[in-house]
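Step one of this worksheet: look at the structure below.
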Amino acid sequence: MTSKDRALPFEPLIVIEHKKGWIPINFRELWAFRELLYFLAWRDVKVRYKQTLIGVIWAVLQPLLTMLVFTVLFGRIAKIPSDGVPYPIFVYIGLLPWQYFASVLTKSTNSMVGSAQMIKKIYFPRLIMPASTAFAALLDLLIASILLGFLMVYYGVSVSPGALLIPLLLILTLMNAIGFGMWFSALNVRYRDIQYALPFIVQIWMFATPVIYPSSIFGNRYSWMLAFNPMGGVIEAFRPAILGHLPIPWMSLAISSTVGIIVFISGMYYFRRVERYFADVI
């Protein structure tokens, strides 16, 4: 062994260098930092429920109270149809994926700014920051789903075989949350107006998504437009997948999935393109 060979380290080297143009996604690097993803997700879970009186009950309380308010206002007073399904179940199934999406979008948008000191001091794949918020929020979604089981037993509604499609719908919801999260978190680093406009955007977005109403109220002439909302076709598919009261809207799901995939891929590449400036402007 020569002196040159002895000078080489046994651990692999990570070369950090400036690159111009569009930067490819380094999936090998993301896999190498998978433990950091787990750590950040677990940190978010612990911080969320630290020093709270009722702990994880908040994960159920938020969709439950929202469901009760919507049931009174839109189910009883406004008489919005629910495709033959008890309105509390109808709206709760819509709220589960929507509140998960909205929560991840809000937290991931502020993830880069909130971790400014960490970003300035050490190197790691920045894509991990918005992705970690999505995985941390899965626990809330799982806990809140337990209440849906009790509601279905109370109203005498059974689960359909289409429930086998739920893992795919969850993956699409996760993809949409991370995709838009990457876009908004990258834009929020440079334009802090994003974090102030986001609550308004999420609120308007919910009413443009079939959470409290079925797409059928628009008729065949206009209901197809909801499919271009990435969460529209996904939420519309959740209900028939769980309840089996209607055929699964495959065409709407395909359109929403296509839009979501485009947002996810473009979000990754845009995030990678601008992340080189994060430490300078954050």
Side-chain angles (χ1 to χ4, degrees), residues 21-31 33-34 37 41 93-109 111-112 125-138 141 162-189 194 198 201-202 204-211 215 222-242 247-275:
W22 294 95
I23 304 175
I25 309 299
N26 191 339
F27 293 101
R28 180 178 297 180
E29 183 182 54
L30 290 173
W31 176 252
F33 282 85
R34 63 189 181 278
L37 175 65
I93 293 178
L95 282 171
L96 285 178
W98 173 256
Q99 289 198 340
Y100 169 77
F101 171 78
S103 174
V104 173
L105 181 59
T106 302
K107 291 181 173 63
S108 60
T109 297
S111 62
M112 304 304 299
R126 310 307 191 204
L127 282 170
I128 288 179
M129 296 302 298
S132 66
T133 61
F135 288 101
L138 283 174
L141 178 62
L164 296 174
L165 188 65
I166 291 178
L168 173 62
L169 298 177
L170 288 176
I171 291 174
L172 292 175
T173 305
L174 179 70
M175 180 188 67
N176 284 329
I178 297 178
F180 281 99
M182 289 185 293
W183 270 106
F184 280 86
S185 61
L187 290 171
N188 190 49
V189 171
I194 298 295
L198 186 61
I201 294 173
V202 170
I204 297 299
W205 199 342
M206 187 195 73
F207 288 105
T209 304
V211 175
S215 61
Y222 299 106
S223 60
W224 61 271
M225 292 188 295
L226 293 175
F228 289 93
N229 176 350
M231 288 300 296
V234 174
I235 291 180
E236 276 288 284
F238 258 103
R239 294 188 180 105
I242 296 175
I248 295 175
W250 293 108
M251 182 59 68
S252 296
L253 182 60
I255 296 174
S256 294
S257 301
T258 302
V259 176
I261 291 172
I262 293 173
V263 171
F264 181 79
I265 295 176
S266 62
M268 279 199 303
Y269 278 95
Y270 176 75
F271 191 98
R272 284 285 288 166
R273 179 179 175 83
V274 301
E275 72 172 349

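- Summarising the geometry, atom CD1 belonging to Ile194 is positioned 6.0 Å from atom CD1 belonging to Ile201; distances are rounded to the nearest 0.5 Å.
- The structure places OG of Ser111 at 11.0 Å from CE of Met182, a figure rounded to the nearest 0.5 Å.
- The environment of CE in Met225 is crowded: more than 12 heavy-atom neighbours from other residues, nucleotides or ligands sit within 6.0 Å.
- Aromatic rings from Phe180 and Trp183 are positioned such that their centres are separated by 6.0 Å or more.
- Here the side chain of Tyr100 pairs a donor or acceptor atom with the backbone of Ala134 at under 3.5 angstrom.
- Side-chain N/O atoms of Ser252 and Glu236 include no donor and acceptor closer than 3.5 Å.
- Taken to the nearest 0.5 Å, the OG1 atom of Thr173 stands 7.5 Å off from the CD1 atom of Ile235.
- When all heavy atoms of Ala177 and Val104 are compared, the closest pair comes out as CB-CG1, 3.6 Å.
- A donor-acceptor pair is defined here as one N or O able to donate and one able to accept, closer than 3.5 Å; no such pair exists between the side chain of Asn188 and the backbone of Phe184.
- Here the side chain of Thr133 pairs a donor or acceptor atom with the backbone of Pro130 at under 3.5 angstrom.
- Between Phe33 and Leu37, the closest side-chain pair of non-hydrogen atoms is not below 4.5 Å.
- Using a distance-only test at 3.5 Å, with no hydrogens or angles considered, a donor-acceptor pair links the side chain of Ser256 to the main chain of Asn229.
- For the pair Arg34 and Trp31, the cation-pi criterion (under 6.0 Å, within 45° of the ring axis) is fulfilled.
- Interatomic distance, CG of Leu105 versus CG of Asn176, reported as 10.5 Å (0.5 Å rounding).
- Contact detail for Arg239 and Gly94: the closest heavy-atom pair is NH2-CA, 3.6 Å.
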